[in-house]
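Taking it in order: structure first as structure tokens, then the write-up.
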Amino acid sequence: MPLGFAHHHLLGIRQLSRQDIERIFEQAEHFLPYCRSAMYRLPDLRGRTVVLAFFEPSTRTRVSFELAARRLSADVVSFQAAGSSLAKGESLLDTLETLESMGVDAVVVRHRDSGVVWFLQRFLRCSIINAGDGQHEHPTQALLDGFTLWKRFGSLEGLRVCIIGDILHSRVARSNIELLSRFGAEVGICGPGTLIPQQAEQSWKVRRFFVLEDALQWAQAVIVLRLQRERMESGLIPSLQEYHRFYGLTRERLARAPHLCLLHPGPTNYGVELTREVAASPQSLIRQQVHYGVAIRMAVLKLVVGDRIAR
Ligand code: CP
């Protein structure tokens, strides 16, 4: 494995080359035996401090980053926005500059504003890792999704993957389209017209499906997205029942596509984009995704923070 990693931040998939992503996958593969148990603490981040700064709710990303950092022997601080001086009017940048002055090596940021990590990296010397910025990117989710597919199929080249649902609000969709296209996968999208960005087919070079059954027959894997009702200002769908009728993944629909495996980034709205039975079926890789998420975040922290030469 070559020394050094070219990136001091992880802002988005767009900044990573195919070789960078392969490097992260190889490192994650190496960490897989260590990510389940606290019995083994690897020394890669010993003496480093990682701050988790989540300004939007999260379970999987926040906890897996914390586990990943601890498995690599880092000190981890979870910054709580509630009760901080943000309530007294301190800005986000002042807050993170204050934390940096305390000797922080990396900040993992989730924020509702698209592009916020780009703004922060202009002013902070520590590493910035994007844990989801608005509707823009969620790079570690795409890395763990790509890794899950890579482990399952052995290669992403030519793989037919369809992303289903609320593409409009989805940073997961944007990061996954970037990553999958980088590896020569064929990417499809399927959802109601109100939840697909205009010009999506042309600007992303993806195949558009209007009927879910057609997408399920075409794809080898589907990434089912959560309907992000918290980001919808007006009624973009007539009702949840109608959405489920046309775009919900049910046992009956899955039975007609026995070749298919499915992913979902979580959290899931059961009875809307899929049913509980579908999530628990042998065709579901959802639990695998969560498991691999720790190894992927260990790999990102090691390469971006642990291997960083002090500036
Ligand atoms: N997939 C994902 O980002 O989940 P959380 O919001 O629970 O972190």
Side-chain angles (χ1 to χ4, degrees), residues 10-13 24 28 35 50-71 76-82 106-117 128-149 151 161 163-180 191 195 221-232 249 261-270 272-274 276 278-280 284-301:
L10 178 61
L11 304 179
I13 296 297
I24 293 169
C35 65
V50 176
V51 168
L52 308 177
F54 280 62
F55 301 92
E56 273 194 331
S58 168
T59 297
R60 292 151 198 78
T61 314
R62 187 175 56 77
V63 174
S64 61
F65 262 117
E66 180 162 353
L67 286 174
R70 291 191 191 284
R71 298 276 190 269
V76 185
V77 176
S78 198
F79 172 78
Q80 304 296 331
V107 187
V108 181
V109 181
R110 171 170 288 190
H111 200 280
R112 61 169 304 174
D113 291 343
S114 302
V116 73
V117 290
I128 306 289
I129 296 175
N130 186 358
D133 63 323
Q135 298 171 22
H136 183 220
E137 279 238 31
H138 192 348
T140 56
Q141 181 67 47
L143 286 165
L144 75 89
D145 292 344
F147 186 68
T148 304
L149 292 169
K151 294 279 287 175
V161 183
I163 304 176
I164 296 171
D166 183 359
I167 316 274
L168 183 67
H169 299 102
S170 178
R171 53 197 177 206
V172 174
R174 284 168 182 77
S175 290
N176 263 306
I177 290 168
E178 277 288 334
L179 186 147
L180 291 166
L195 296 179
V222 291
I223 301 175
V224 183
L225 298 176
R226 182 173 69 88
L227 209 55
Q228 297 192 37
R229 281 175 283 167
E230 74 277 16
R231 296 192 208 274
M232 291 183 195
L249 202 50
C261 66
L262 77 103
L263 291 79
H264 190 304
T268 39
N269 294 310
Y270 291 125
V272 182
E273 66 264 10
L274 48 64
R276 197 177 277 276
V278 163
S284 166
L285 299 178
I286 295 173
R287 287 296 186 94
Q288 283 296 312
Q289 287 174 269
V290 176
H291 175 55
Y292 293 151
V294 179
I296 282 289
R297 287 168 178 129
M298 287 173 78
V300 166
L301 287 171

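Reckoned from all heavy atoms, side chains included, excluding hydrogens, waters and symmetry mates. Quick caveat: nothing in here was measured; it's all calculated off a predicted structure. Remember, it's 1-based here, ligands and their atoms both numbered in the order they're listed.
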Is there a heavy atom in G132 that sits closer than 4.0 Å to ligand 1? no
For the residue pair T148 and Q288, confirm or rule out a side-chain donor-acceptor distance under 3.5 Å. no
Atoms in ligand 1 with a heavy atom of T59 nearer than 4.0 Å: 5 (P), 7 (O), 8 (O)
Would you call R110 a ligand 1 contact, heavy-atom distance under 4.0 Å? yes
Going by distance only, is there an N or O of P267 that falls short of 3.5 Å from an N or O of ligand 1? no
For the atom pair CG (L262) and CD (E273), what is the distance rounded to the nearest 0.5 Å? 11.0 Å
Going by distance only, is there an N or O of R62 that falls short of 3.5 Å from an N or O of ligand 1? no
Taking only heavy atoms of G266 into account, list the atoms of ligand 1 that are under 4.0 Å away from them. 1 (N), 2 (C), 4 (O)
Closer than 4.0 Å to some heavy atom of Q141 - which atoms of ligand 1 meet that? 1 (N), 2 (C)
Any sub-3.5 Å donor-acceptor pair from R110's side-chain atoms to A131's backbone N or O? yes
Checking a contact table here: which protein heavy atom is nearest atom 2 (C) of ligand 1, and how many Å away? T61 OG1, 3.6 Å
Please state whether the rings of Y292 and F147 are parallel, tilted or perpendicular, taking 30° and 60° as the class boundaries. perpendicular
Hey, is the main chain of H111 close enough, under 3.5 Å, to the side chain of D133 for a donor-acceptor pair? no
Rounded distance [0.5 Å steps], CZ in R226 versus OG1 in T268: 9.5 Å
